**Q** 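Before I ask anything, here is the structure I am working with.
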Amino acid sequence: ETFKYSAWTPPPAPNNRLGTVPMFEKITAETAGTENEMTFENFMGGQVFNAFTTLAGLRDGVVDGGILVPGYNSAELKTHTTMGELQALAKEGYAAAGAGTETLLLNCPECLEEYGAQNVMPMGVYATAPYHLMCNFDLTSMDQLQGKRSAEGNPMFNRWAASLGMSRQGLPPNEFQQALARGTVDCVFAPKDWLVAFSLADVVKTVVDDVSHGVFPAVVMMGVNKGTWDGMTPGRKEIFAREIPQAIMNVVDGYYLDEVKGKDLALANGAKFISLGDGFAQAWADFQASERTEVIAAAEARGATGAAAAVDANIALLAEWEAIVEDVGKDPVLLAARLHERVFATLVD
Amino acid sequence: MSNLAIGFSGFLAIVALIGLRVPVGLALLIVAFFGISIVTSPGIAFSLVRVVPFDFVANWDLSAIPMFLLMGAIAHRSGMTSSLFDVARLWLSGLPGGLAVATNFACAGFSSASGSSLATTMAVGRIAIPEMRKYKYDDGLACGIVACGGTLGVLIPPSIILVIYGIFAEVSVAKLFIAGIIPGLLTAGIYTAQIIIRCKLDPSLAPPVDEKPTWAERFAALAEIWPLPLLILAVIGGIYSGIATPTEAGALGAFLALLIALAQRRMTLAIFREAARESIVATAAVFFVAVGAVLLTRFMAFSGVPMYLASLVADFGVSHLAIILTIMVIYLILGMFLDPLGMMLLTLPVFLPLLIAADMDLIWFGILMVKFIEIGLITPPVGLNVYAVKLMQPEIPLQKIFRGAVWFLLSEVLIVGLLIVFPIITLWLPSVM
Amino acid sequence: MMYRVFRRALDAAISAAMAVAEIAMALMMLHVVLQIAMRGIFRISIDSVPEIVAFYYMAGMIFLSFAYVTREDGHISASLFTDMLPRRANELLQGLIFVVLAIGMGLFAWETLHEAIRMTRIGEFHQGASINLPKWPTRWFAPIGCGLMALSALVLALDKIVGRPVGMTPSAVTHAAKG
Ligand code: NA
Ligand code: NA
């Protein structure tokens, strides 16, 4: 039985390169000839579904597994969309992936209900690299941002850009390079790996390096069709539950590796990585403090009435996971073991 | 039958259905639907029918296509282009096939405003083909140059296809854009040479002009049509100054055309409705085919065609040249049936690792790939640019347009040959900038 | 008699759908230009323009014009071999193809109708920067457009198989002939 998987991200993206591709190879090799034999068909780069249609593809069992970002299906996944909006409070990727996964699977029954209504079982989340402000001009002080145009995706940045006196354009990331090159926008909020992945290093002159605007903490690398999951032998479920936490932490690790590559390329192209000073850091800290209320209000506006409890659980778990990362270090193997022990071991009973 | 054999028999079934005069979009849908049902299950085919067409049609990037078409239709129907013919006659009198040459360069120029081939073909074709026909140009030549010149839309920046390729291959979009410029101009140049030679050898293709106009006459004629170049320069300027994104440029162009026509008191609600209706019909008819092509791509994916193609490239690809030629043949065959973007998404994930392993220059390959996949827009049986021309000129038989395009396909052989043998044509400009 | 009423109603529905498509096209142009102007002059951004263009204008314009395109014989097809057939055989083949087209589009309409109902129940929306843009109403363009197209193909099939326009008043026949 072949497990069909769909990702809209291109093959070099960390979730494919360091996540599913090696994981599928490993499982195939390990289970070959055993009763739990598994093979995979990996449709990457939007061969069959894009960001909007993957959920329907999983729902109808067109594919067995797929990558999901709840914000693209925000009506179906109202509550889990809220976890994505907590970006401002998710400071770093390893802890955000751990806390996001633990919240989703153990502390947010509404989230699981929403996925269940779509016939999907989400197997945790990974987080991206931290987002930074990047501009196509020589930025030296915060005042210069007044009246500038920015582009971003997450609604949280709409609030943040507004508080900096910037207007925002809703553009997809594949239009960022051209928009910056021609001055349609002056700045974007993006993780540093996009300097390579979306060619932002072609056009970015300044990256504000001292303050990061959080990691996007809610990418479901592996949503599984419920029928597929229920039909799996306990042995296969156990293999998934063991390998997925490792893949999650490997992907987070990969984003930090790619972040370095992005910075190197931008430096080689003459970009400056600057500090905007205490005023900017203070403005960000003030903004962070207001986000819990904002996010819960947005959740209620879209009808996710039970989101407040999940938000608070996530915030508490972020602190716990930051302590764990402090404790064991940024080691994907050790962190995956903790994630397995705290969350995934309970899935297969 | 293996899945793969089912996948390839799908192509034969499409040819047979189109031969029976089944609408092309329906032929693709039938084959895709039954193909997916066989290689997976009917339930999956139904699910894709439920989800994919809406998602494909409800697309922001593609909105430039109807908007540019509307721009051309407004310009034509408001009479903005009616003196174009006089101007071309006076200015291009010494040049065999002058109007076709001018159309060719209009495509190249318009490509710097449009990121899509279809949009380029539609905007230029709506204006240029009626003028060439008025002047008794051969229908095949008039339609062929527009269908083929439109493919410059993705070679000359901006380009939707090159942006997506840049993301897949992790190479600089700026470098890809710069790399496309010389191959784009080379293409326009070789097309020009071919038009002049053919028209010289066979004057019936484009009736020559025996006038010797004075410069005063020439400029006097120009005064009549100034709004049109102004319109096109405004659209290009809008993009390069960052006022509009390439996707927004279509709407900007249509709106400016409307303003000019209003200022000239040549616009009524009835004329606008006719222009809109005409643009909608052509857009919807092209999208009906494209929806079929998109579902066919899903059928190909589920049949395991991509992995099979990768194994072909790996088997034949002992040298860079062999890899390139194998990939070219694959794209020529797939391009007969699939849309360029779908074909690229289908194949790049399996081709790129092979290219990287062979240490191939990914910028050079990107430009070659654009050439290969864009040829699919003008090859039968499913050639979207040819269809676009047909929709704008319904009285010209489809076969005639395909035949007119064949001449330019022969030029493409030369152009692609040059790009393969001399990578420096592609790589010189990005290396110095 | 009933059939004649049905045909008139269908014609009216197709024309009405086409009028909505024309409005969608005009709004697409104006909305994008408004966005360009607001951004360029006042540095104000209008929320979710790409999504409104995609879901409302593009989907509305294309699906709602499908039946009109069918009625006006606007679909791409190649008459390479069929021209060699006798006229009546050719007509019957065309009739058969229109029956298949009607079945195909009926299936599209049926499937997309279920998706439209599902999304309406969910209240599907797009999460914009500061608004939640309702997306579910746009899901109805597909079943309406494809359904009208199926009916239009069915009527054309009947005309071809019988060999003349059925159930139309003379003026409607000339109108149809003029396209
Ligand atoms: Na272009
Ligand atoms: Na083709």
Side-chain angles (χ1 to χ4, degrees), chain A residues 2 4 6-13 16-17 21 41-63 136 149 169-186 193-194 196-203 258 261 265 269, chain B residues 36 40-41 43-48 50-52 54-56 58-61 115 157-160 163-177 238-248 297-298 300-302 304 306-307 341-342 344-350 352-353 356:
Chain A
T2 303
K4 294 194 188 77
S6 164
W8 69 80
T9 51
N16 295 315
R17 188 181 89 231
V21 171
E41 237 180 307
N42 196 345
F43 299 103
M44 288 176 280
Q47 277 181 332
V48 291
F49 290 115
N50 62 23
F52 293 97
T53 51
T54 307
L55 183 64
L58 284 172
R59 177 191 77 197
D60 296 344
V62 179
V63 288
N136 64 2
R149 291 179 286 241
Q169 291 298 314
L171 288 178
N174 59 9
E175 289 195 29
F176 279 13
Q177 190 264 4
Q178 281 296 290
L180 284 168
R182 309 211 191 280
T184 313
V185 298
D186 310 293
D193 53 294
W194 289 12
V196 173
F198 291 98
S199 292
L200 301 186
D202 291 345
V203 284
D258 286 8
K261 284 189 216 159
L265 180 67
N269 287 0
Chain B
I36 294 167
T40 59
S41 74
I44 285 178
F46 281 112
S47 169
L48 290 170
R50 220 161 23 230
V51 172
V52 172
F54 178 87
D55 179 71
F56 174 76
N59 187 313
W60 162 242
D61 290 333
S159 162
I160 297 172
V163 168
I164 294 173
Y165 175 83
I167 293 168
F168 269 68
E170 298 209 305
V171 293
S172 153
V173 169
K175 281 195 173 146
L176 281 168
F177 276 13
I239 289 184
Y240 281 83
S241 62
I243 290 173
T245 67
T247 307
E248 293 166 345
T297 313
R298 304 298 187 273
M300 293 294 130
F302 286 128
M307 294 315 284
L341 180 61
M344 185 170 84
L345 297 183
L346 185 72
T347 52
L348 270 188
V350 293
L352 274 172
I356 291 164

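Remember, predicted model here, so these are calculated numbers, not experimental data. Every heavy atom of this structure was used, including side-chain atoms; hydrogens, water molecules and symmetry mates were not. Naming convention: chains lettered A, B, ... in sequence-line order (proteins, then strands); numbering from 1 in each chain.
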**Q** Please identify, among S172(B), G43(B), S41(B), the residue contributing the most non-hydrogen atom pairs under 4.5 Å to chain A.
**A** S172(B)
**Q** Could you check whether any side-chain heavy atom of V51(B) comes within less than 4.5 Å of a side-chain heavy atom of R59(A), counting everything from C-beta outward?
**A** yes
**Q** Please classify the contact between I239(B) and chain A as side chain, backbone, both or neither, with a heavy-atom cut-off of under 4.5 Å.
**A** both
**Q** V173(B) versus chain A, heavy atoms under 4.5 Å apart: side chain, backbone, both or neither?
**A** both
**Q** Below 4.5 Å, heavy atoms only, C-beta onward: do V62(A) and V48(A) meet side chain to side chain?
**A** no
**Q** Please classify the contact of S47(B) with chain A as side chain, backbone, both or neither, using a heavy-atom distance under 4.5 Å.
**A** both
**Q** Taking the side chain as C-beta and beyond, is there a heavy-atom pair between Q178(A) and F177(B) under 4.5 Å?
**A** yes
**Q** Is a side-chain donor or acceptor of N16(A) paired with a backbone partner of T9(A) at a separation under 3.5 angstrom?
**A** yes
**Q** Please report the interatomic distance CD1(I167(B)) to CH2(W194(A)), rounded to the nearest 0.5 Å.
**A** 9.5 Å
**Q** Among T245(B), V171(B), I243(B), single out the residue with the greatest number of heavy-atom pairs under 4.5 Å to chain A.
**A** T245(B)
**Q** Less than 4.5 Å to any heavy atom of chain B: does that hold for the side chain of A197(A), its backbone, both, or neither?
**A** both
**Q** For N50(A), which atoms come within 4.5 Å of any heavy atom of chain B: side chain, backbone, both, or neither?
**A** side chain
**Q** Between P306(B) and chain A, with a heavy-atom cut-off of 4.5 Å, which part of the residue counts as in contact: side chain, backbone, both or neither?
**A** side chain
**Q** Okay, side chain of T40(B), backbone of I36(B): is any donor-acceptor separation there less than 3.5 Å?
**A** yes
**Q** In terms of heavy-atom pairs under 4.5 Å, which option from P11(A), A56(A), P12(A) contacts chain B the most?
**A** P12(A)
**Q** Relative to chain A, which of G342(B), A174(B), A244(B) shows the most heavy atom pairs under 4.5 Å?
**A** A174(B)
**Q** Rounded to the nearest 0.5 Å, how far does CG of L265(A) lie from CG of L200(A)?
**A** 10.0 Å
